[in-house]
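In what follows, a single structure is set out as structure tokens and then discussed.
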2 protein chains.
Amino acid sequence: MDKLEFLSDNKNSNLRNRQLKQQRDIIRHLSKSPFPLSIPEISEYIKTSVPTGTKLTKELLKNNYILAEGKKETDNGRRPTTYALNTDKFYVVGVEILEKFLHASIVRIDLDTVYQAKNRKFILSDTPECLDEITRFIQSTIKESGIQADQIIGVGIGMTGGVNRQRESIKFFNFDDNSLKQYLENKLSLPIILDNDTRAIGIAEQVLGIAKGVENVLVIKVSRNLGLSIILNRKTIVGGTGLAGNFAHIRFKEGERLCNCGKTGCIGTEVAGDALKKDLIEALQNGERSLYFQLDKIDTYQYHDILDAVLKGDALAFKILHDQGDKLGQALGNMVNLLNPDLIVIVGEFVMVKDFLIDAIRIGIRKTALLEPLTTCKIEASTLGRYLSSKAGACMLLKACDMIEY
Amino acid sequence: MDKLEFLSDNKNSNLRNRQLKQQRDIIRHLSKSPFPLSIPEISEYIKTSVPTGTKLTKELLKNNYILAEGKKETDNGRRPTTYALNTDKFYVVGVEILEKFLHASIVRIDLDTVYQAKNRKFILSDTPECLDEITRFIQSTIKESGIQADQIIGVGIGMTGGVNRQRESIKFFNFDDNSLKQYLENKLSLPIILDNDTRAIGIAEQVLGIAKGVENVLVIKVSRNLGLSIILNRKTIVGGTGLAGNFAHIRFKEGERLCNCGKTGCIGTEVAGDALKKDLIEALQNGERSLYFQLDKIDTYQYHDILDAVLKGDALAFKILHDQGDKLGQALGNMVNLLNPDLIVIVGEFVMVKDFLIDAIRIGIRKTALLEPLTTCKIEASTLGRYLSSKAGACMLLKACDMIEY
DNA sequence: GCAAGTTAGTAAAAAAAATTAGGAACTTTA
DNA sequence: TAAAGTTCCTAATTTTTTTTACTAACTTGC
């Protein structure tokens with residue numbers, strides 16, 4: 001049997017390609033179905049007669065792509081044999097490339113991680129050596145997992161920094177008219193899907209998290225900086241040149257702090273980790289006091305410490321966080337008016353103070369959002385936890401292959 | 001030959017349905033193609049062999065859906081007969097329903113208007129009588145045009161006011177568990193596509209206007225009020241409950257005027273026709289002077305008059321307009337950061353002062369937009385003119401049928 | 001417990017589509 | 001102007017698919 005390729009459909013329409021397309025369709029449908037399917041169900045889905053559906057299914061069975069799962073209990077009539085995906089034949093590689101962290105997972109199609117590897121000594125730089133290091137890391141991860149290359153559908157990569165519309169990194173690894181994507185596709189002989197790490201997390205929230213099954217979602221990342229992944233009609237919005245979702249530089253009122261973009265008033269200067277520390281400094285300079293923070297030790301504090309202090313009951317830390325949540329809520333209220341989302345998901349480090357943050361966001365959002373779009377918009381914090389980004393890459397690939405429901 | 005239905009594909013997959021689907025595909029392809037096509041080209045497009053493509057094409061020819069257009073000039077080899085759509089077999093009805101205006105056009109598939117009718121005495125109200133009036137208006141327009149019902153693909157309606165996700169008006173005509181859409185589909189026995197009039201205009205800009213072929217567009221309507229149609233990846237964004245694009249209530253800085261939504265600072269209170277008049281009153285009260293306007297005659301002025309004064313060189317009117325453009329630009333800059341559009345199109349009454357307005361918008365937009373997304377974003381005024389909205393409905397229907405390129 | 005009803009699956013017949021092969025209609029080159 | 005090369009198109013052949021008809025495997029009602 002020919003290899004089943006799930007990205008880049010063969011355009012030629014001869015018999016074998018048509019059959020392969022139908023078999024891929026069967027696999028896709030089985031991968032999305034929560035229960036095994038009978039031949040009549042499969043045939044209906046791929047829009048052929050039962051005899052052809054039978055033939056295609058039997059060939060997939062012979063090649064071990066699918067497994068017979070026994071008879072189905074029905075109310076009447078002869079009971080059909082049902083078939084399910086052989087999950088051991090379909091693996092995906094998920095990769096996370098951050099400034100100082102490299103992480104890869106081998107994930108089964110049902111999203112169970114079977115193997116993973118980290119590199120904490122990694123430092124991202126725009127050099128051929130770094131590109132080589134990434135390539136070798138992925139290669140060795142695959143090798144050590146023991147999974148055969150022909151059982152791998154492809155590689156999904158979530159990467160820090162700007163990614164353009166062609167899913168190629170703007171800043172990194174564009175040597176000799178080649179992009180990271182092209183380079184890796186050649187080296188690994190596997191389809192590659194690359195995107196911004198925030199967008200990858202957005203997809204993971206859609207597939208595994210609370211955004212599952214929701215059509216229109218704003219996934220807002222609050223860590224050191226602000227990030228946003230906009231999902232409309234279940235699709236991630238990329239924009240004309242791949243820069244969509246630049247939430248940090250939205251301005252919604254006058255502001256004093258100078259942003260690294262050269263302007264003032266950007267929401268990114270008012271909300272998130274970096275701003276949190278600035279808020280603390282200003283508060284202490286204004287004479288406000290706290291059990292946990294003193295002005296002369298200011299250089300020893302991380303923004304994490306402020307979040308910790310909130311959990312410990314520090315009134316000043318709470319007040320600062322509350323103000324930020326209020327501002328963030330006001331900015332999000334504008335998004336609600338504009339995009340009418342069904343759900344806003346908070347991800348990132350600030351999730352650790354989610355109850356405090358979301359209450360404050362709710363207060364702020366009412367100041368700007370219209371009543372009608374707001375009543376249908378939920379605000380929730382992610383439940384997925386950290387260290388999931390490489391899995392997010394895998395989700396992204398499976399979604400691109402249309403082998404995953406959401 | 002069975003009727004070709006272009007909306008709601010028959011799900012049954014027997015032979016005849018498959019053939020009809022292929023024939024619809026041929027029609028769709030011909031409708032989008034700028035030149036007639038040969039049988040080999042058609043066959044390649046519908047992914048069949050040449051003999052089957054020939055058979056399907058010949059049947060369409062026999063039924064007069066398509067016409068032979070003579071031989072094509074080629075570089076070598078036997079010259080193929082080419083086929084084009086018989087535009088006289090495919091008509092669309094476009095309808096515009098406004099507060100005090102009813103307008104319908106019968107449009108050929110190449111978007112030539114063949115007949116149109118207006119009703120200026122119409123007053124929109126949520127009553128069965130009004131619904132009946134609309135129905136009779138559409139029926140009589142079709143009748144008077146002389147076009148046979150079986151030559152009409154469907155009816156596209158652009159309607160004022162909120163329209164939900166199921167493309168049903170929120171405010172109007174929801175009697176007896178029936179919507180306007182359902183009611184008309186029953187009465188006219190034609191497929192109906194309904195949407196908000198601003199979104200319909202957005203689609204018209206995509207199909208006929210300067211947004212043609214552009215992936216990501218913001219169509220901003222500046223008339224008495226502000227309206228926005230967001231087009232991303234060539235699709236109009238509707239939002240979770242159909243309320244997306246509520247640009248008028250975006251807040252981007254503190255404002256004093258009270259909006260009808262109950263808040264202050266909404267951009268709709270600062271920009272567009274109603275705000276223009278308020279700006280004029282305030283300026284005159286502050287002692288500013290103009291050749292064209294006096295405070296004691298303020299009730300006699302329409303916002304149109306202020307736009308006229310701009311064209312006549314009135315410095316005060318210009319200053320007011322310029323301030324509005326600047327503010328609008330600042331708000332749009334946020335949209336640019338967020339959605340990274342390729343193009344912003346200005347539509348609505350303010351197009352009459354487009355040069356003044358766009359210059360001001362450019363100044364404002366630089367205050368908030370990031371450099372990178374702004375460099376790839378054009379700002380232009382619509383060239384389509386007024387009285388096009390019913391044609392916009394037709395565009396919307398053709399787009400929903402996938403019978404139009406953009 | 002047996003007939004009647006229902007759904008699965010398959011073998012045979014019929015239909016449709018794809019290949020193959022070759023002629024038609026053209027250009028280019030010698 | 002004749003031969004070679006190209007593409008279109010169709011007739012004949014082959015392959016594939018659907019349809020039809022039938023058997024298998026089950027439940028339910030009498």
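Only heavy atoms go into these numbers, but all of them, side chains included; no hydrogens, no water, no symmetry mates. Throughout, a chain's letter reflects where its sequence line sits, starting with A, and its residues are numbered from 1.
With C:dT10, C:dA17, D:dT18 as the choices, the nucleotide that has an atom nearest any side-chain atom of B:K55 turns out to be C:dA17. Of the candidate nucleotides C:dT10, C:dG9, D:dT17, C:dG9 has the atom nearest to the side chain of A:T81. The side chain of A:T54 sits closest to C:dT10 out of D:dC8, D:dT17, C:dT10. Across D:dT19, C:dG9, C:dA17, the shortest atom-to-atom separation from the side chain of A:S49 is found for D:dT19. Comparing C:dT10, D:dT18, C:dT27 against the side chain of B:R79 picks out C:dT27 as the nearest. Listed nucleotides D:dT10, D:dT16, D:dT18 differ in distance to B:P51; the shortest reach to its side chain belongs to D:dT10. Side-chain atoms of B:P80 lie closest to D:dC9 of the nucleotides D:dT10, D:dC9, D:dA25.
At whole-Å resolution of the value, CD1 in B:I39 and P in C:dA24 are 18 Å apart. A straight line from CD1 of A:I42 to P of C:dG9 spans 10 Å, rounded to a whole angstrom. To the nearest angstrom, C1' of C:dG9 lies 15 Å from CG of A:L56. One can place NZ of B:K47 at 13 Å from P of C:dA18, the figure rounded to the nearest angstrom. Between the C1' atom of D:dT16 and the CD atom of A:Q22 lies a distance of 11 Å, rounded to the nearest Å. B:N17 places its CG atom 16 Å from the C1' atom of C:dA16, with the value rounded to the nearest Å.
The base of D:dC8 lies close enough to the side chain of B:R78 for a donor and an acceptor atom to sit less than 3.5 Å apart.
Relative orientation of the B:Y45 and B:H29 rings is parallel, given thresholds of 30° and 60° on the angle between their planes.
A salt bridge links A:D88 with A:R108: at least one charged nitrogen is closer than 4.0 Å to a carboxylate oxygen.
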